[in-house]
Structure formats: C-alpha cells, structure tokens
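These notes concern the structure reproduced below.
Numbered from 1 within each chain, the chains take letters A, B, ... in sequence-line order. Computed from a predicted model, the values in this text were never measured in an experiment.
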Protein chains: 2
Amino acid sequence: MNIETASRQVDALGNPTRLRIYRALVRAGETGAPVGQVQEALGLPASTLSHHLKKLLEVGLIRQERSGTTLHCHAEYPVMRALVGFLVDECCVDEGTNVG
Amino acid sequence: MNIETASRQVDALGNPTRLRIYRALVRAGETGAPVGQVQEALGLPASTLSHHLKKLLEVGLIRQERSGTTLHCHAEYPVMRALVGFLVDECCVDEGTNVG
DNA sequence: CATCTATTTCCATGAATATCGAAACAGCCT
DNA sequence: AGGCTGTTTCGATATTCATGGAAATAGATG
C-alpha cells in the first residue's frame with residue numbers, strides 16, 4: 001500500500017453517494033447485491049450509479065460477479081482492511097492502549 | 001457519526017497532499033508539528049498548505065495549539081478512531097474472525 | 001508602537017467532479 | 001431473435017477543487 005493508492009481509494013469513498021453505495025454493499029454481505037437493487041434502494045439514475053460503481057471498481061473497493069442476467073456487486077473486504085490498516089498503522093501510537 | 005460527516009472526513013483524506021500532511025502529523029505524535037515544519041518537510045507553498053490544513057481542521061481531523069510564536073498541529077486520534085469505526089462497523093461481519 | 005516570525009486571506013485560474021437524460025451497446029437466457 | 005440487466009458514451013451544466021503569488025493579519029517580543 002502506498003499513499004497514491006490509498007488516497008485514490010479514500011477519495012472514492014469521500015463522495016456521499018459513493019459512500020452510501022459502498023455501505024449498502026457492505027450490508028449486503030457475502031451474496032452482494034444486484035446493481036438494480038442498489039439503484040432502487042438509493043434512488044439513483046442508472047448512469048449516475050454506473051459512474052460511481054466504475055470508480056469504486058477501479059480502485060478495487062468493490063467487485064462484480066455475474067449470476068445469470070444480473071451482476072452482483074460485492075464489497076471487497078480485504079481491500080478495505082488494507083486501507084484501514086494503512087490509515088491507522090501509525091495512528092495513536094503515543095496514546096497507550098486505551099482501545100475500546 | 002452520520003454519512004455526511006463521514007464522507008466529508010474521508011474526502012478530506014482523499015487528496016494525496018492532504019493525506020501526506022495528515023500522516024506527517026500522525027507521525028509527529030503528541031507534540032504535533034509546527035506548520036512551518038510540515039511545509040518544509042513536504043515542500044509546499046504556504047497558501048497551498050494552509051488551504052489543506054483548513055480543510056482538515058474543518059472536518060475535525062486535526063487541531064492546532066499555540067506554543068509561543070508557533071502553532072502546533074496535531075492529529076485528532078479520537079476523530080480518526082470514530083471514522084474508522086464507522087467505515088468498518090458493518091464490515092466483514094460475514095467473514096468470520098480471521099483478523100490479523 | 002515597531003518589528004519579527006508564522007500563518008491566513010484574497011484573488012485568480014485551470015482542472016476535475018457530480019449530476020443525469022438519452023441512446024447505443026453488450027452479455028446472458030429462453 | 002427477442003427480452004432482460006446493466007454499462008458506456010455523448011453531451012451538457014453547475015459546482016467544487018487544487019494551486020500559488022501577493023498582501024494582510026496575528027501573536028510574541030523589545
């Protein structure tokens with residue numbers, strides 16, 4: 001993980017619409033959610049949603065898998081883990097161990 | 001924590017320059033770092049740095065404290081903790097406990 | 001007050017972003 | 001082929017952003 005990759009991934013989540021999309025996919029869990037379902041749940045026009053999905057795909061935060069005619073979107077948990085790891089890996093080191 | 005606050009904070013970190021600034025402050029630890037020191041370390045013009053610092057201040061990710069003539073900037077660890085908590089609080093719930 | 005240093009504001013500019021309708025396209029299934 | 005589901009492209013607009021030079025300001029000190 002480097003700062004360029006991290007900032008592009010963080011940037012992808014920095015848009016409120018994309019953050020909503022991403023969290024919807026996180027909630028959808030292992031099976032993911034079809035694009036149409038996300039679209040309806042968030043009330044987004046197709047092209048707008050597609051633009052945002054593309055950005056999330058580009059930075060690797062989500063993945064798509066075809067199942068019949070529908071494309072299921074999944075949150076890529078390992079990528080998020082790595083990103084969070086990068087954000088906090090030098091965080092709070094001076095503050096002892098009062099975690100939780 | 002709500003999605004608007006979270007996305008503004010995430011957005012603040014989504015710019016590579018600001019991510020560098022933030023990480024420099026994280027590394028600076030408890031004492032923080034004077035703006036001038038950050039400026040020299042990252043090689044940024046004063047006004048550019050100031051714009052970025054302002055944004056980080058606005059979303060609460062950093063704090064400034066005067067010490068004599070210099071202003072020390074600090075990373076606000078609790079804010080980052082809350083943000084990371086928001087990002088992962090529903091993350092990976094289906095993936096068991098293979099943490100670390 | 002004068003002066004010094006450290007930081008911010010003002011202003012401008014070029015670039016990128018977010019949004020979305022419409023229409024063409026692509027992959028899959030029956 | 002025909003009907004799904006979803007993506008891409010075109011085209012348009014309003015907004016926001018990143019950048020940085022110049023000038024103003026703030027706080028400490030003498």
Counting side-chain heavy atoms from C-beta on, which of [options] comes nearest to [X]?
| X | options | result |
| --- | --- | --- |
| B:Asp11 | D:dC17, D:dT19, D:dT9 | D:dC17 |
| A:Pro45 | D:dG6, D:dT19, C:dC20 | C:dC20 |
| B:His51 | C:dC20, C:dT8, D:dT19 | D:dT19 |
| B:Val35 | D:dG6, C:dT7, D:dT8 | C:dT7 |

Inset, instruction - Please figure out whether B:Leu53 or A:Lys55 has its closest DNA chain C nucleotide nearer the 5' end. - result: B:Leu53
Inset, instruction - Nearest-nucleotide wise, let me know which of A:Ser67 and B:Gly36 is further upstream toward the 5' end of DNA chain C. - result: B:Gly36
Inset, instruction - Please check if B:Leu57 and B:Met80 belong to a single hydrophobic cluster, counting links between Ile, Leu, Val, Met, Phe, Trp and Tyr side chain heavy atoms closer than 4.5 Å. - result: yes
Legend entry - Verify same cluster id: B:Val88, A:Leu56 (apolar side-chain graph, 4.5 Å): yes
For [X] and [N], what is the distance between atoms [atom1] and [atom2] respectively, to the nearest whole Å?
| X | N | atom1 | atom2 | value |
| --- | --- | --- | --- | --- |
| A:Leu71 | D:dC4 | CG | C1' | 12 Å |
| B:Gln37 | C:dA6 | CD | P | 12 Å |
| A:Arg8 | D:dA18 | CZ | C1' | 18 Å |
| B:Glu58 | D:dA18 | CD | P | 12 Å |
| B:Leu49 | C:dA6 | CG | P | 14 Å |
| B:His72 | D:dA28 | NE2 | P | 13 Å |
| B:Arg66 | D:dT29 | CZ | C1' | 13 Å |
| B:Leu19 | D:dC17 | CG | C1' | 17 Å |

Tell me whether the OP1 or OP2 atom of [N] has a side-chain N or O from [X] closer than 4.0 Å.
| X | N | answer |
| --- | --- | --- |
| B:Arg18 | D:dA18 | yes |
| A:Thr48 | C:dC20 | yes |
| B:Ser50 | C:dT8 | yes |
| B:Thr70 | C:dT5 | no |
| B:Asn15 | D:dC17 | no |

Legend entry - Minimum side-chain heavy-atom gap A:His74-A:Thr31 below 4.5 Å: no
For [X], report the nucleic acid contact type (base, sugar-phosphate, nothing); a contact means any heavy atom under 4.0 Å.
| X | value |
| --- | --- |
| B:Ser47 | base |
| A:His52 | sugar-phosphate |
| B:Gln64 | sugar-phosphate |

Legend entry - Pairing of B:Glu76 and B:Arg81 as salt bridge, 4.0 angstrom limit: no
Legend entry - Basic-acidic side-chain contact under 4.0 Å: A:Asp11, B:Arg18: no
Legend entry - Candidate list A:Thr17, A:Ile21, A:Leu49, test side chain to side chain contact (heavy atoms under 4.5 Å, CB included), partner A:Leu42, passing option: A:Ile21
